[in-house]
Amino acid sequence: MAKRWVWLSHVLGQSTPAYGGGDGFLADADKQLASGDSCNTVRLNFLNHLGSHVDAPFHFVSDGLTVDSYTPEDWVFSRVFVADIIVSPGEVIDIPAISPLLEGAEGVDLVLFRTGFEGVRDQRDYWKRPPAYAPELAEFLMEELPSLVAIGMDSISIS
């Protein structure tokens with residue numbers, strides 16, 4: 001069976017929602033051929049917490065690993081499981097909500113929670129009232145899925 005690759009990122013642009021409604025993606029012309037420069041270049045300005053991104057342990061733990069501590073191979077997953085759970089703005093996703101969804105997830109290295117919240121990326125609730133994940137879910141997932149390496153979600157934040 002041939003491997004199937006799925007691109008999970010959104011393209012960064014002026015309309016990319018920012019966490020907390022903060023500054024978004026800025027791309028300002030730096031050098032321009034039309035102005036007599038030798039090439040066209042753009043100066044990019046954005047926070048690392050914008051758009052599709054990875055929160056390494058250092059994001060929440062002062063002595064945790066940073067994103068650059070990982071190799072490119074660490075971000076390639078071969079046993080991915082998608083858990084569909086439709087939520088309302090601000091809803092807390094807990095163990096009773098997740099547990100029945102994990103049937104057939106044995107041996108997975110990545111679980112993606114598809115909440116439907118990605119569908120409201122252009123609305124204030126996307127960054128103001130995203131679904132949250134109950135703290136006890138971390139330990140539950142590690143116990144239930146010992147080969148799990150990472151989780152992903154279609155909302156702007158885990159909290």
task: Could you please spell out the steps behind the side chain to side chain donor-acceptor pair (under 3.5 Å) verdict for D37 and S35?
output: CA-CA 6 Å; D37 293 322; S35 298; 5.2 Å; no
- prompt: Which distance, rounded to the nearest 0.5 Å, do you find between the CG of D109 and the CD1 of I151?
  reply: 13.5 Å
- request: Take atom OH of Y70 as the centre, draw a 6.0 Å sphere, and report whether it contains more than 12 heavy atoms from other residues, nucleotides or ligands.
  value: yes
- request: Count the heavy atoms belonging to other residues, nucleotides or ligands that lie under 6.0 Å from CG of D30, then report whether that count exceeds 12.
  value: yes
- prompt: Below 4.5 Å, heavy atoms only, C-beta onward: do L137 and I95 meet side chain to side chain?
  reply: yes
task: Applying side chain to side chain donor-acceptor pair (under 3.5 Å), run through T115 and D154 and close with a yes or a no.
output: CA-CA 6 Å; T115 67; D154 61 355; 2.5 Å; yes
- request: Among D23, T16, L12, find the residue that satisfies the side-chain contact (heavy atoms from CB on, under 4.5 Å) test when tested with F46.
  value: L12
Enclosure of E103 CD (heavy-atom neighbours >12, cutoff 6.0 Å): no
query: Can you tell me how far the CG atom of L33 sits from the OG1 atom of T41, to the nearest 0.5 Å?
result: 9.5 Å
query: Taking the side chain as C-beta and beyond, is there a heavy-atom pair between S99 and F140 under 4.5 Å?
result: yes
task: Report yes if some heavy atom in the side chain of R124 is under 4.5 Å from a heavy atom in the side chain of R129; otherwise report no.
output: no
query: Can R114 and D84 be counted as an ion pair, charged N to O under 4.0 angstrom?
result: yes
message: Classify the ring geometry of F113 against Y133: parallel below 30°, tilted from 30° to 60°, perpendicular beyond 60°.
response: tilted
Inter-residue atom distance L148.CG - R79.CZ, 0.5 Å rounding: 10.0 Å
